**Q** 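What follows is a structure written as structure tokens; I'll ask about it next.
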Amino acid sequence: DAGVIQSPRHEVTEMGQEVTLRCKPISGHNSLFWYRQTMMRGLELLIYFNNNVPIDDSGMPEDRFSAKMPNASFSTLKIQPSEPRDSAVYFCASSRLAGANTGELFFGEGSRLTVL
Amino acid sequence: KNEVEQSPQNLTAQEGEFITINCSYSVGISALHWLQQHPGGGIVSLFMLSSGKKKHGRLIATINIQEKHSSLHITASHPRDSAVYICAVSVNNNDMRFGAGTRLTVKP
């Protein structure tokens, strides 16, 4: 299996621009998570989906952030408009809700975002 | 006070030493995770446990639910074990809270 695939790996953009981060979970996994990691705050859960349905988005910092999961194999995290304080590494992870290794997290490599 | 506290924040050891990293939490959990983040940034799940003890190679993780405490042990440490180790707890199944991480450096 290819694991969780995120793109882009790195993005540098200017303040005010729209940023879209993408994630392909492991096939057969039915939970998907978006996390943000910064030096100041460490890892934080932004939002997670079960069976493509957003369950808890209380970690999403502001209305500028939105996430979608149109099908079981694809999710996006969008920031519009972006601000310098959004600079961070954004991780996507997936897991199973039931069956073998339920709940074990598999992380993507992360997308490093720099907003100038 | 953070819901998940790790200690120590930083740890330097000589190759071959036995290492212990501690994690205490203050919320009800359904599971506890130990994650490893290498200097390149990737995160790998080492253990997920809800009771007792698990072992994988030179790594051992224990949890005491009554005391809300978990430990990660590394036996015969090696420079390639150098990484940040993060304790995370699952609250209400998928909501997760993270510790600040322990930066381990193992010197040859």
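Scope of the values below: all heavy atoms of this structure, side chains included, with no hydrogens, waters or symmetry mates. In the text below, chain A, chain B and the rest are named by the order of the sequence lines, each starting its count at 1. Small disclaimer: the values here were computed from a predicted structure and weren't measured.
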**Q** More than 12 non-hydrogen atoms from neighbouring residues, nucleotides or ligands closer than 6.0 Å to CZ on B:Arg58, yes or no?
**A** yes
**Q** To the nearest 0.5 Å, how far apart are OG in B:Ser90 and CG in A:Leu45?
**A** 10.0 Å
**Q** Heavy-atom count around B:Arg103 CZ within 6.0 Å, excluding the residue itself: above 12?
**A** no
**Q** In the single-linkage hydrophobic clustering (I, L, V, M, F, W, Y; side-chain heavy atoms under 4.5 Å), do B:Val91 and B:Tyr25 co-cluster?
**A** yes
**Q** Counting C-beta onward and ignoring hydrogens, is there a side-chain heavy-atom pair between B:Leu35 and A:Phe107 closer than 4.5 Å?
**A** yes
**Q** I'd like to check A:Phe91 versus B:Gln37 (side-chain heavy atoms, cut-off strictly below 4.5 Å). Are they in contact?
**A** yes
**Q** In Å and rounded to the nearest 0.5 Å, what is the CD to CD1 distance from A:Gln37 to B:Ile86?
**A** 5.5 Å
**Q** Rounded to the nearest 0.5 Å, what separates atom CD in A:Glu109 from atom CD1 in B:Ile43?
**A** 9.5 Å
**Q** Surrounding CD of A:Glu62 (heavy atoms of other residues, nucleotides or ligands, distance under 6.0 Å), is the total greater than 12?
**A** yes
**Q** Taking A:Phe74 as the starting point, is it possible to reach A:Leu32 by hopping between hydrophobic residues whose side chains are less than 4.5 Å apart?
**A** no
**Q** How long is the span from the CE atom in B:Met96 to the CG atom in A:Leu43, to the nearest 0.5 Å?
**A** 9.0 Å
